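This structure is a prediction, so every number in the text was calculated from the model and none was measured.
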There are 2 protein chains.
Amino acid sequence: MRKPARLADVAKLAGVSSTLVSRIVNNDPTLRVRDDTRDTVRAAIAMLNYTPHSSARALRNSQTGLLGFALHGVNDPLYVEMVDAAQSEAARRNYSVILMNIEELADRRDAFHEIMLGHRVDGLLIHGGHGRGEAELQEIARDVPSVMFNADAANGLRTVRFDDARAAEMATRHLIELGHREIVFLGDIGATSARRYDGYRRALAAAGLPSSPPVVAGLSPDETHDATRRFLDSGMRATAFVAMSTTAALGVHSGIVASGLRIPDDVSLISVHDVWFARHLNPPLSTVALPLAQMGAVAVSLLLDQISDPIDGETIIDDPAPHLVVRGSTAPIGPGRS
Amino acid sequence: MRKPARLADVAKLAGVSSTLVSRIVNNDPTLRVRDDTRDTVRAAIAMLNYTPHSSARALRNSQTGLLGFALHGVNDPLYVEMVDAAQSEAARRNYSVILMNIEELADRRDAFHEIMLGHRVDGLLIHGGHGRGEAELQEIARDVPSVMFNADAANGLRTVRFDDARAAEMATRHLIELGHREIVFLGDIGATSARRYDGYRRALAAAGLPSSPPVVAGLSPDETHDATRRFLDSGMRATAFVAMSTTAALGVHSGIVASGLRIPDDVSLISVHDVWFARHLNPPLSTVALPLAQMGAVAVSLLLDQISDPIDGETIIDDPAPHLVVRGSTAPIGPGRS
DNA sequence: CTGAAAGCGCTTACAG
DNA sequence: CTGAAAGCGCTTACAG
């Protein structure tokens, strides 16, 4: 690859100033220029295959065109769906997304500040709501253009979340309508889980039923698998589970099976979220679908607004609205357990 | 956030030149400086919370510290595991990873060249081996520092892949040893699938068994689900399937179940790769594990070498070596089907 | 309608 | 052991 052309090369070839080329390249609306001059410049650009040097632009405009997306480990399909949508929306608006690992960053205490002070990105998408290091994250989020996922609304924070309580309430109500009375909620620590647990309680209360304390199990299938087995093996009674996420539900699913119980004959299972693998489980998983992709796209959009014009507040992603997807993992309470 | 300090601010505060500060910040090994001068500068840096402006550096050094990772849709856990590892390895070496969508880029024919000519990234990780647009990708890969996944070795290309034939051979041999004789391979188009199909054939040939043509089904669970149902409903015989990836296997799994057959009683199933969800299926999925994370990390490492010192060639990721993980989806051929 | 020139913040050959 | 100055490639206020 030979040395790429610079603005000055184009200007020289076209016989005009760099100023003019720059304004043409950037479609400066205030520019009045003769059509044939413009054509000459265009031709020179094409001939030299000119592409603006992004670092030079970034330096001059103090804008990188980069957004940082900080996650607790990328390896959850819930996140992936959001990241994917965020990347697409960003690309549409001529931004790129950099992946950052919250854990790695937390290791070096001031890595986040370095990123911002060093003008590495124009803004940050931060995945919150899962308890760990939440305070530090919020502190950072207040300092820089950012959108924070799943955090509770707070001053100086731009947040985005689902109507978590409603989603969990819908899931729980579905089980109640199937005749279940002993329903257990499985979540983790953090604000998201707390909101969903509230929805679970609300549904039970509306039906005049008692709620159990949440099983705090983490979010990974391996963790929820173990928690489910422990719960079941300890002889505690439940005819149905509400899992706080589809990934969590996967472990509950395998945990129930490993305990020798059948889904849905012995135990029903439903999760909040709906991810691509849910329909492929055996039996397929019932869910309350939440628009994860929308969340990623909206967050990018809010972040871009935020960069030009700082503003805080909470956005609830509610379009499309949560809806129940009934598959094979929920059924009327069986005669053996009623 | 107030305006961040610049190099000149530090120099002024410390009462030295920018040159000196720069060389201290960058740990210039040729620098001889009095200890107390160095301490003064260090103190000034700390006091002003100085962090180098990354765009200015990028412009000056013609290096962005950014690596592009171009994928066919990020939404496959196989990729995610690689991306995750790539991100970590890059971070360890002070690089960041930008996500790029091959499909989106292909839309604008010269988007890739724009990225490279525009110095957006220092190098490219390109996910190949799946047939579509392979020729264009290779053309690009030849032009810029890059590492290409899963492509067949070719002149001017730096490639990285698994020993695909061996992995598929191990999977197939496992089925043969269980007594299966009618074994079908499920793959997609592209070089990766072709190599795995070869391994499948090799195992069958070694046992003196005939091989069937591959079922070409795509890679997503929805696609392989449909292909499996079509295959089974058409009355074609098979007592076992080898799926080219774990994600593909998920759809085969649900397709078999949806056809009313039992795993492993009626049909055994094994996949190449081993991903986090495999152990949570019902029954759990047998696999031949391949080191996906290693692949991501090694690719980054090769790419970084590649940037300073262009070189082509093929690297086979073989550490840890592929190994059989027997779970519940494979069993000796049953009496009903023998 | 068009151009000369300053400056974004850094690094580095060169001079002392 | 330390500094003045040029230059990376761009944009934009200013002048004409």
Side-chain angles (χ1 to χ4, degrees), chain A residues 2-42 44-45 48-65 94 114-120 122, chain B residues 2-42 44-45 48-65 94 114-120 122:
Chain A
R2 63 200 168 293
K3 216 166 165 40
R6 293 153 304 145
L7 196 63
D9 300 326
V10 177
K12 184 182 294 178
L13 179 62
V16 300
S17 72
S18 298
T19 308
L20 193 53
V21 180
S22 173
R23 295 176 69 191
I24 288 176
V25 167
N26 294 309
N27 292 314
D28 181 344
T30 72
L31 174 64
R32 291 308 70 158
V33 66
R34 279 207 312 275
D35 276 355
D36 56 340
T37 311
R38 189 186 295 261
D39 290 345
T40 316
V41 172
R42 288 254 163 79
I45 288 172
L48 296 177
N49 220 317
Y50 171 69
T51 310
H53 192 296
S54 56
S55 302
R57 270 197 167 160
L59 174 58
R60 177 58 225 225
N61 299 337
S62 18
Q63 280 219 44
T64 59
N94 282 314
E114 224 175 281
I115 283 165
M116 296 312 302
L117 288 176
H119 297 260
R120 204 90 182 77
D122 295 337
Chain B
R2 63 200 170 292
K3 215 163 166 42
R6 291 154 305 145
L7 196 62
D9 300 327
V10 177
K12 183 182 295 178
L13 178 61
V16 300
S17 72
S18 297
T19 308
L20 194 53
V21 180
S22 173
R23 294 176 73 190
I24 287 175
V25 167
N26 295 309
N27 291 314
D28 181 343
T30 71
L31 174 64
R32 294 301 80 153
V33 64
R34 278 205 313 275
D35 276 354
D36 57 339
T37 312
R38 187 186 299 259
D39 290 344
T40 315
V41 172
R42 288 254 163 80
I45 289 172
L48 296 177
N49 220 319
Y50 171 69
T51 311
H53 191 297
S54 56
S55 300
R57 269 198 168 160
L59 174 58
R60 176 61 223 223
N61 298 338
S62 20
Q63 280 219 48
T64 59
N94 282 313
E114 223 175 281
I115 282 165
M116 295 312 302
L117 289 174
H119 297 260
R120 204 92 179 76
D122 295 336

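Residues satisfying the side-chain contact (heavy atoms from CB on, under 4.5 Å) criterion with Ala14(A), sequence neighbours excluded, are Val16(A), Thr40(A), Val41(A), Ala44(A). Checked against side-chain contact (heavy atoms from CB on, under 4.5 Å), Ser55(B) has the following partners two or more places apart in sequence or in another chain: Ala58(A), Leu59(A), Thr64(A), His53(B). With sequence neighbours excluded, no residue forms a side chain to side chain donor-acceptor pair (under 3.5 Å) with Arg120(A). Arg34(A) is linked by a side-chain contact (heavy atoms from CB on, under 4.5 Å) to Asp36(A), Thr37(A), counting only residues two or more places apart in sequence or in another chain. Considering only residues two or more places apart in sequence or on other chains, Arg60(A) meets the side-chain contact (heavy atoms from CB on, under 4.5 Å) condition with none of them.
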Which pairs of donor and acceptor atoms, one on a side chain in residues 17-25 of chain B, lie under 3.5 Å apart (sequence neighbours left out)?
| residue | atom | partner | partner atom | Å |
| --- | --- | --- | --- | --- |
| Ser17(B) | OG | Thr19(B) | N | 3.4 |
| Ser17(B) | OG | Leu20(B) | N | 3.3 |
| Ser22(B) | OG | Asn26(B) | ND2 | 3.4 |
| Arg23(B) | NE | Asp28(B) | OD2 | 2.9 |
| Arg23(B) | NH2 | Asp28(B) | OD2 | 3.4 |
| Arg23(B) | NH2 | Thr30(B) | OG1 | 3.2 |

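Between His53(B) and Ser18(A), the residue whose closest nucleotide on DNA chain C is further toward the 5' end is Ser18(A). The residue among Arg23(A) and Ala56(B) whose nearest nucleotide of DNA chain D is located toward the 5' end is Ala56(B). Between Leu20(B) and Leu59(B), the one whose closest nucleotide on DNA chain C sits nearer the 5' end is Leu59(B).
When DNA chain C is scanned 5' to 3' for any atom under 4.0 Å from a heavy atom of chain A, the first and last hits are dC1(C) to dG9(C).
Rounding to the nearest 0.5 Å places CG of Leu48(B) at 11.0 Å from CG of Leu117(A).
For the segment residues 34-42 of chain A, the set of residues with a heavy atom within less than 4.0 Å of an atom of DNA chain C comprises Arg34(A), Thr37(A), in numerical order.
For residues 7-19 of chain A, every residue pair satisfying the salt bridge (Lys or Arg N to Asp or Glu O under 4.0 Å) rule, not counting sequence neighbours, is listed here: Arg6(A)-Asp9(A).
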| note | Its dot-bracket string being built from Watson-Crick and G-U pairs below 3.5 Å, with | for another strand and [ ] for crossing, DNA chain C has the pattern |||.||||||||.|||
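The nearest pair of heavy atoms linking Ser54(B) to His119(A) is OG-O, 3.1 Å.
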